[in-house]
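Counting from 1, the numbers follow the sequence of the chain as shown.
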Amino acid sequence: MQIDVARVLGLVTRSVRSFEKDGKPASAVTLTRLYDTSVDDLWDAVTSRQRIPRWFLPIEGDLQLGGKYQLKGNAGGTITSCTPPTHFAATWEFGGATSWIDVSLTAERSQARLTLEHTAIIEDHWNQFGPGAVGIGWDLALAGLERYLATGASVDHETAEAWMGSPEGKEFMTTSGEYWRAAHVASGVDPVAAKERSDRTIAFYRGEMPPDIAHPGTGS
């Protein structure tokens, strides 16, 4: 499995913003990028029970408004909004915590733009790991989606896991984490604090984190 790390990560625009949700401090990470396909095809790729496992993870559940879903070995939740073929939203429940995802699709000439926002309440986990905790995982997912749309090849999870431990995979984690650090700083966070969090998260994704330190455990 080969990925042009610089090209793939460079196609994504990332941002971080903080606000209040239900009276609590919250933060959202947003990723947006173009794909060489139509909105209808992109919608099908990100919502079809048959196609989601080809680039992401096996999924079970009732994939319609109000339905519950479960990604194998990962997050589950409830679909809270669904307007085909341009928007869906859902809770993202993992490890006893609930966050929220919001996905929008728009047509731009001969391409389709995907915008994904993942919102979480700011707690100890966020203060320790920052936006890269979910951001790196979503960068991996969007890269997998591009590969699938471009080649039609389904992801082989054993190959993908081995790739993550390779020099190229570690380069991906590091570069993605640095992008998220920059987005975090751009949102107004102290650069030193942002670097401490991104270094911790990059070490986890690279498999280099000391065993006595908690891990991101975000599920994305």
Colleague: Side-chain heavy atoms under 4.5 angstrom apart, residues restricted to Ile, Leu, Val, Met, Phe, Trp, Tyr: same cluster for Leu57 and Ile136?
Modeller: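 Yes, because Leu57 and Ile136 connect within a single hydrophobic cluster, where side-chain heavy atoms sit under 4.5 Å apart.
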Colleague: Is Leu34 reachable from Leu114 through a run of hydrophobic residues whose side-chain heavy atoms are each under 4.5 Å from the next?
Modeller: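 Per the 4.5 Å side-chain linkage, Leu114 and Leu34 are not co-clustered.
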Colleague: Within the structure provided, determine whether Lys195 and Val185 are in side-chain contact (heavy-atom separation under 4.5 Å).
Modeller: no
Colleague: Do you know the tightest heavy-atom contact between Ser176 and Gly135?
Modeller: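 Taking Ser176 first and Gly135 second, the nearest heavy atoms are OG-O, 4.3 Å.
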Colleague: Is any side-chain heavy atom of Lys21 less than 4.5 Å from a side-chain heavy atom of Phe19?
Modeller: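 A side-chain contact under 4.5 Å exists here.
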Colleague: Apply the test side chain to side chain contact (heavy atoms under 4.5 Å, CB included) to residues Trp100 and Ile121: give CA-CA distance (whole Å), side-chain angles for both, the deciding distance (0.1 Å), then the verdict.
Modeller: CA-CA 10 Å; Trp100 302 265; Ile121 300 298; 4.0 Å; yes
Colleague: Find out if a path of hydrophobic residues (ILVMFWY) with successive side-chain heavy-atom gaps under 4.5 Å connects Leu116 to Tyr148.
Modeller: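 Yes, it is one cluster - the side chains of Leu116 and Tyr148 are joined through contacts under 4.5 Å.
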Colleague: With a 4.5 Å cut-off on side-chain heavy atoms, are Phe172 and Leu9 touching?
Modeller: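 A side-chain contact under 4.5 Å exists here.
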Colleague: Output yes when Asp62 and Lys68 qualify as a salt bridge under the 4.0 Å nitrogen-oxygen rule, no when they do not.
Modeller: no
Colleague: With a 4.5 Å cut-off on side-chain heavy-atom distances among I, L, V, M, F, W and Y, is there a chain of contacts connecting Leu145 to Trp163?
Modeller: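 In one cluster with Leu145: Trp163, yes.
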Colleague: Hey, does Asp139 have a side-chain heavy atom less than 4.5 Å from the side chain of Trp180?
Modeller: yes
Colleague: How long is the straight-line distance from CH2 of Trp138 back to OG1 of Thr30, given to the nearest 0.5 Å?
Modeller: 12.5 Å
Colleague: Under 3.5 Å, is there a donor on one side chain and an acceptor on the other for Arg14 and Tyr179?
Modeller: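 Result is no, nothing qualifies.
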Colleague: Indicate yes or no: at least one non-hydrogen side-chain atom of Arg181 is less than 4.5 angstrom from one of Asp199.
Modeller: no
Colleague: So does Glu108 have more than 12 non-hydrogen atoms from other groups sitting under 6.0 Å from CD?
Modeller: yes
Colleague: Can you list the steps and then say if Ser27 with Val16 is a side chain to side chain contact (heavy atoms under 4.5 Å, CB included)?
Modeller: CA-CA 7 Å; Ser27 192; Val16 179; 3.6 Å; yes
Colleague: Which heavy atom of Tyr205 sits nearest to which heavy atom of Gly132, and what is that distance?
Modeller: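 Closest approach of Tyr205 to Gly132: CE1-O, 4.0 Å.
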Colleague: Does Glu123 come within less than 4.0 Å of Lys24, counting only side-chain N to carboxylate O?
Modeller: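 Judged by the 4.0 Å cut-off on N to carboxylate O distance, Glu123 and Lys24 do not form a salt bridge.
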Colleague: Would you sort out whether Arg197 and Gln128 count as a side chain to side chain contact (heavy atoms under 4.5 Å, CB included), showing the intermediate values?
Modeller: CA-CA 6 Å; Arg197 297 173 193 179; Gln128 187 174 8; over 6 Å; no
Colleague: Can you find a pair of side-chain heavy atoms, one from Gln111 and one from Thr37, that are under 4.5 Å apart?
Modeller: no
Colleague: Quick check: are there more than 12 heavy atoms from other residues, nucleotides or ligands sitting under 6.0 Å from CG of Asp124?
Modeller: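 12 or below, so no.
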Colleague: Starting at CD1 of Ile122, measure out to CG of Asn127 and round the result to the nearest 0.5 Å.
Modeller: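 Result: 7.0 Å between the selected atoms.
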Colleague: Measuring only between side-chain heavy atoms, which start at C-beta, is Glu168 closer than 4.5 Å to Val5?
Modeller: yes
Colleague: Can Glu93 and Thr91 be counted as having a side-chain donor-acceptor contact under 3.5 angstrom?
Modeller: yes
Colleague: Of the non-hydrogen atoms in Ala133 and His125, which two are nearest, and what is the gap between them?
Modeller: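 Looking at all heavy atoms of both residues, the shortest contact is CB-CE1, 3.8 Å.
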Colleague: Run the salt-bridge test on Asp41 and Arg51 with the 4.0 Å N-O cut-off and return the result as yes or no.
Modeller: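 Looking at Arg51 together with Asp41, the answer is yes, because their closest N to O distance falls below 4.0 Å.
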Colleague: Looking at Gln70 and Gly76, what are the two nearest heavy atoms and their distance?
Modeller: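 Smallest interatomic distance, heavy atoms only, reads OE1-CA, 3.6 Å.
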Colleague: Does the pair Arg7/Glu146 count as a salt bridge with the N-to-O cut at 4.0 Å?
Modeller: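 Yes, Arg7 and Glu146 are salt-bridged.
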Colleague: On a heavy-atom basis, which atom in Val39 and which in Pro85 lie closest, and how many Å separate them?
Modeller: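 The answer is CG1-O, 3.3 Å.
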Colleague: Keeping the roles fixed (side chain from Thr78, backbone from Thr80), state whether a donor-acceptor pair exists under 3.5 Å.
Modeller: no
Colleague: Using 30° and 60° as the class limits, which term best fits the ring planes of Trp126 and His184: parallel, tilted or perpendicular?
Modeller: perpendicular
Colleague: Are any non-hydrogen side-chain atoms of Val103 and Thr115 less than 4.5 angstrom apart?
Modeller: no
Colleague: Side chain of Thr83, backbone of Thr86: donor and acceptor closer than 3.5 Å?
Modeller: no
Colleague: Quick check: closest heavy atoms across Ser48 and Pro53, and the distance to 0.1 Å?
Modeller: O-CD, 4.4 Å
Colleague: How many angstroms lie between CG in Leu11 and CG in Leu142, if you round to the nearest 0.5 Å?
Modeller: 10.5 Å
Colleague: Walk me through it: do Glu117 and Arg17 pass the test side chain to side chain contact (heavy atoms under 4.5 Å, CB included)?
Modeller: CA-CA 10 Å; Glu117 183 176 81; Arg17 65 186 180 94; 3.1 Å; yes
Colleague: Measuring from Gln50:CD to Ser154:OG, what's the distance to the nearest 0.5 Å?
Modeller: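 Gln50 CD to Ser154 OG: 12.0 Å, rounded to 0.5 Å.
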Colleague: Could you tell me whether a side-chain N or O of Arg206 sits under 3.5 Å from a main-chain N or O of Lys170, the two making a donor and an acceptor?
Modeller: yes
Colleague: Hydrophobic clustering (ILVMFWY, side-chain heavy atoms < 4.5 Å, transitive) - are Met164 and Trp55 grouped together?
Modeller: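 Same cluster: Trp55 reaches Met164 through Ile, Leu, Val, Met, Phe, Trp or Tyr contacts under 4.5 Å.
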Colleague: Does a donor on one side chain sit under 3.5 Å from an acceptor on the other, for Arg113 and Tyr35?
Modeller: no
Colleague: Could you tell me if Asp102 and His118 have a donor-acceptor pair between their side chains, going purely by distance under 3.5 Å?
Modeller: no
